[in-house]
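Every chain is numbered from 1 and lettered A, B, ... according to where its sequence line falls, protein lines coming before strand lines.
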There are 2 protein chains.
Amino acid sequence: MDNKYLTIYRDFAERIESGQLRVRTKLPSEHELTQLYGASRETVRKALNLLAENGYIQKVKGRGSFVLGVNRFEFPVSGLVSFKELAARIGKESRTRLVSLETVAPNRELADLLHIRANQPVWEVVRTRTIGGETIILDKDYLRRDLVPKLTKAICEDSIYEYLERTLDQSISFAKKVITVEEPTPEDQDLLEMKGYPMIVVVQNHVYLEDATLFQYTESRHRPDKFRFVDFARRHQ
Amino acid sequence: MDNKYLTIYRDFAERIESGQLRVRTKLPSEHELTQLYGASRETVRKALNLLAENGYIQKVKGRGSFVLGVNRFEFPVSGLVSFKELAARIGKESRTRLVSLETVAPNRELADLLHIRANQPVWEVVRTRTIGGETIILDKDYLRRDLVPKLTKAICEDSIYEYLERTLDQSISFAKKVITVEEPTPEDQDLLEMKGYPMIVVVQNHVYLEDATLFQYTESRHRPDKFRFVDFARRHQ
DNA sequence: AAGTGGTCTAGACCACGCC
DNA sequence: GCGTGGTCTAGACCACTTC
């Protein structure tokens, strides 16, 4: 039992995701929630604001908070979610295959991306993702070797994020994603079932730890017909 | 001068964007900020949390808040920003051209998307966007006619968002974006300089008002080589 | 007038980093 | 031990919606 506001948040997030709370349902008022959870109003509000920010509810001044239906049938790929978490959500049969795992010296471009010196070794992990019987995603990960001393086939085929957060005590804090569309490389053609598609969707991911050091750079290359990115955004100000 | 916490937020957001506050600079402590702005600590924290959520700063327990360099040279397309705001940011010469503006009866698919009956008329606005001399974006907007009574060529070539927020008293609250890659239609080929590219990036946008009614559906179709989507995401929990 | 959410305050205790 | 951010409280006033 950790945070009070996270408890309230997760409580409602679960009930909304499961459909137990229907779309357009009115939540209890903030005053009522303070009594239900034995919390102060600001604590309740912190939970409700998180729910609103993540697309679960809409708060309307003078009326109350209402369950939204936007996120219901979509899985937002925005936010930081590992492939394993994602695969679990969509419930499709999926598989990760390790292509190669080695320590390499970064070329200048990569050293630049990771903000390290050219002689500082990095892990290079190449993996393919098979979903519904088709191999459609190629993931290339580069991690700072000084921050991740050990890496095995088993870890790579399970979830690197999980390993980092559970085993090591590194916490991932934020990431910058860049989505572009490019021509497939011979490597893409070789490792993926491209089915003649002449382009590939590239999702670059810069992953940072809590102290804001960049420690991982990932390129996730998707066959275009299977690519789908969903984002929920609020207009502030 | 409206909100106290928004004042603090904008103050730092501007100073960070302008480069007046350098990357890795330490912000004043929360305690110091309460005195600088004559605000309580929770108010200061609300501003700092907004800055952190939007990628401006990183808060580190026990040490302080530090300026991040992630958002500096990128313009995040995540969040809700109109094309006009976007064009202003990147500073490139750009132009919007109205292709057609009419009232149509929605087909079933569109009526479904907008959650309206099939006999309820909607605005159909088709526009092309020219950036750096090339026409590379095709925007198709559908708006509920009951919510937007008037729409002119001038408004469409300026900014529909701006018109809605300033002239009408409608406030845009949130949106759901879906990015996919498809084959170009004859219309794409006709209106855009496709240069032989065999695919097109489609950004679907469902835009909601503050009372959570869906009032606009937009399809933004981008030539793949010029498409770029940047997203900043924090890992919560 | 009563109920709702939005903002703000002045305190409190805690966990963490640093010296 | 001191300064830092993270959580939480019990109140206050305001603007808005509903009746």
Seminar exercise, completed: Whole-Å distance, K59(B) NZ to dT7(D) P, equals 9 Å
Problem set entry | Y208(A)-Q216(A) side chain donor-acceptor pair, cut-off 3.5 Å | no
Problem set entry | 5′-ward residue of the pair S40(A)/V60(A) relative to DNA chain D | S40(A)
Problem set entry | From dG5(D), dC18(C), dG5(C), nucleotide with atom closest to K61(B) side chain | dG5(D)
Problem set entry | Atom pair distance, as rounded to whole Å: CG in L33(A) and P in dT4(C) | 10 Å
Exercise. Whole Å only: how far is the NZ atom of K4(B) from the P atom of dC14(D)?
Worked result: 14 Å
Exercise. Is the distance between the ring centroids of F174(A) and F232(B) under 6.0 Å?
Worked result: yes
For this session: Rounded to the nearest angstrom, tell me the gap between atom NZ in K46(B) and atom C1' in dG5(C).
Result: 11 Å
For this session: Take the protein atom CZ of R234(A) and the nucleotide atom C1' of dG6(C), then report the distance between them rounded to whole Å.
Result: 14 Å
Exercise. Can you check the F66(B) CZ to dT4(D) P distance for me, whole Å?
Worked result: 11 Å
Problem set entry | Any R45(A) side-chain nitrogen or oxygen under 4.0 Å from OP1 or OP2 of dG6(C) | yes
For this session: Tell me whether the OP1 or OP2 atom of dC8(D) has a side-chain N or O from Y5(A) closer than 4.0 Å.
Result: no
Problem set entry | Short N-O contact, K59(A) and E30(A), less than 4.0 angstrom | yes
For this session: Classify the side-chain pair Q58(A)/R234(A) by whether it contains a donor and acceptor separated by less than 3.5 Å.
Result: yes
Exercise. Between dC13(C) atom C1' and E42(A) atom CD, what is the distance in whole Å?
Worked result: 17 Å
Exercise. Can you find a side-chain donor-acceptor pair between R41(A) and T34(A) that sits under 3.5 Å?
Worked result: no
Seminar exercise, completed: note: N49(A), atom CG; dT7(C), atom C1'; distance rounded to Å ~ 11 Å
Exercise. What nucleotide, of dT18(D), dT7(C), dC13(C), holds the atom closest to the side chain of R41(B)?
Worked result: dC13(C)
For this session: Please determine if a side-chain N or O atom of S29(A) lies less than 4.0 Å away from the OP1 or OP2 oxygen of dT4(C).
Result: yes
Exercise. Under 4.0 Å between a side-chain N/O of T43(B) and OP1 or OP2 of dT9(C), yes or no?
Worked result: yes
